[in-house]
2 protein chains.
Amino acid sequence: MTIANPSTSDDLGSAAQRERRKRILDATYDLAKSGGFDAVQMRAVAERADVALGTLYRYFPSKIHLLVSALGRQFDEASARLGEREIPGDTQAERVLYVLKRMARGMQGDPKLTEALTRAFMFADSSVTNEIHVVGMAMTSIVTHAMHGGVPDEGALTDEDVAIARVIGDVWLSALVAWVTGRSTAAETAAHMETAVGLILRD
Amino acid sequence: MTIANPSTSDDLGSAAQRERRKRILDATYDLAKSGGFDAVQMRAVAERADVALGTLYRYFPSKIHLLVSALGRQFDEASARLGEREIPGDTQAERVLYVLKRMARGMQGDPKLTEALTRAFMFADSSVTNEIHVVGMAMTSIVTHAMHGGVPDEGALTDEDVAIARVIGDVWLSALVAWVTGRSTAAETAAHMETAVGLILRD
DNA sequence: GCATAATTTGGAACACGTTCCACTACGTTT
DNA sequence: AAACGTAGTGGAACGTGTTCCAAATTATGC
């Protein structure tokens, strides 16, 4: 018996499988967008994606895997969009804040979606390492890209740059959780990020 | 009809109620310590605390409230223990790292417990704001105490000190989540915290 | 085109968080 | 001491994530 795992194996399977996978992620996205974490119910996802429950679980072994995969797709897209353009701002801090604010705006426009994806990310255990890694890389790449002003000069990426980007990503994540769970407002979150970036990126 | 809520009301109720509350938190602690988040099952907590399931829910309206309250008790104790002593180290960075490492050691000694409490903390929504606040304050107070060298000179606590402490707390939390969920090792976590504190607390 | 393997389906079943209810025990007021 | 209200008990029941299975469907090798 071949053990196929369409969600993590490198080869993406047949066209029909790729199509199913996309339908599932789209359904997840829609449900998350309209009702948040709680609305992403496995039976509902399966029904909307027009697959059986068992099939859904074959593609994504848990609700968390499913949501984190959807988050990964989001971040990849955001990262690609931002990668195309120059980032305005004269200092690293300004550019990073520009990008973070931009992302924050996007997320605030879809609070339910953001809540669902963030919750899943925070709840993920080690079985979701691969999917998490995708998100972490995208986050780091977004921040380093902003630090370097949007010029794709990858040679200039030092270890310290990456370390800094990871620290900023950490603060961003904590702030996001606080916002998503209603413990802080969007304005407080923005102010907090300014403080943090100001501290970390003193030029 | 008086609406009693023994878990959040300021007055802690009768001695019997305080006793029940303690038994419940102790049971939570024991179960979390031996089996982590999944082992803290409401029926199991109720049974071990010798309380009916309905009573458990009267004291703590959800599993998350329960675990976050237990976490709050932990942090309060840690904060009190640390508050008594002078913190060794010549610079703010050294002292903060000393304290963080100390806490990390404690947490690594009880990985299951740490996993349960951290998971709950990250999953909490706005209905848990009060309990979360207790934890946040304890964390901030631990870090600022370390920054000031352990001398209880509260007058010196500036807004910036608090902001810095919060940023460090954010990084610490993200690192903790990564460690708890098996995405990074204890050593990586420690190194990451050194980087972050070094960046944030350049004297 | 057939035989065989792999995948998908539909749905039952289970686990655990949560809710609800009827009943009992207890402490307070009078 | 009697009546009343509040808290606690025991247990059934419900919702949703997850698992499992037999039957149907689809893909693959010959």
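Labels below follow one simple rule: chain letters A, B, ... track the order of the sequence lines, proteins then strands, and each chain is numbered from 1. We use all heavy atoms of the structure for the numbers below, so side chains are in, but hydrogens, waters and symmetry mates are not.
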Take atom [atom1] of [X] and atom [atom2] of [N], then tell me their distance rounded to the nearest Å.
{"X": "A:Phe60", "N": "D:dT18", "atom1": "CZ", "atom2": "P", "answer": "13 Å"}
{"X": "A:Leu66", "N": "D:dG17", "atom1": "CG", "atom2": "C1'", "answer": "12 Å"}
{"X": "B:Gln17", "N": "D:dT6", "atom1": "CD", "atom2": "P", "answer": "13 Å"}
{"X": "A:Arg119", "N": "D:dT16", "atom1": "CZ", "atom2": "C1'", "answer": "16 Å"}
{"X": "B:Leu56", "N": "C:dC20", "atom1": "CG", "atom2": "P", "answer": "16 Å"}
{"X": "A:His65", "N": "D:dG17", "atom1": "NE2", "atom2": "C1'", "answer": "14 Å"}
{"X": "A:Glu19", "N": "C:dT8", "atom1": "CD", "atom2": "P", "answer": "13 Å"}
{"X": "B:Ile64", "N": "C:dC16", "atom1": "CD1", "atom2": "P", "answer": "16 Å"}

Approximate separation, where rounding is to 0.5 Å, of B:Thr189 OG1 and B:Met107 CE:
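Between atom OG1 of B:Thr189 and atom CE of B:Met107 there are 11.5 Å.
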For residues 66-76 of chain B, pull every pair meeting salt bridge (Lys or Arg N to Asp or Glu O under 4.0 Å), keeping only residues two or more places apart or in separate chains.
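For residues 66-76 of chain B, and leaving out neighbouring residues, the salt bridge (Lys or Arg N to Asp or Glu O under 4.0 Å) pairs sorted by first residue read B:Asp26-B:Arg73.
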N/O (side chain, B:Thr55) to phosphate O (OP1/OP2, D:dT9) under 4.0 Å
yes
Does B:Tyr59 have a side-chain nitrogen or oxygen under 4.0 Å from the phosphate oxygens OP1 or OP2 of D:dA7?
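Answer no for this pair, as no side-chain N or O of B:Tyr59 is under 4.0 Å from OP1 or OP2.
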Does B:Glu115 offer a backbone N or O that forms a donor-acceptor pair with the side chain of B:Thr118 under 3.5 Å?
no
Non-neighbouring partners of [X] that pass side-chain contact (heavy atoms from CB on, under 4.5 Å), sequence neighbours left out:
{"X": "A:Glu188", "answer": "A:Ser184, A:Thr185"}
{"X": "A:Ala186", "answer": "A:Gln108, A:Trp179"}
{"X": "B:Asp38", "answer": "none"}
{"X": "A:Ser62", "answer": "A:Ile64, A:His65"}

Going by ring-ring contact (aromatic ring centres under 6.0 Å, His included), name the pairs with one or both residues in residues 106-133 of chain A, residues two or more places apart or in two chains.
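Every ring-ring contact (aromatic ring centres under 6.0 Å, His included) pair that includes a residue of residues 106-133 of chain A, provided the two are not neighbours, is A:Phe123-B:Phe37, A:Phe123-B:Phe123.
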Which residues within residues 28-52 of chain A lie with some heavy atom under 4.0 Å of an atom in DNA chain C?
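The stretch gives A:Arg43, A:Asp50, A:Val51, A:Ala52 as the residues lying under 4.0 Å from the strand, ordered by number.
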Report all interatomic pairs (protein N or O, nucleotide N or O of nucleotides 19-26 of chain D) with separations under 3.5 Å.
none

B:Glu19: salt bridge (Lys or Arg N to Asp or Glu O under 4.0 Å) partners, not counting sequence neighbours
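So B:Glu19 forms a salt bridge (Lys or Arg N to Asp or Glu O under 4.0 Å) with B:Arg23.
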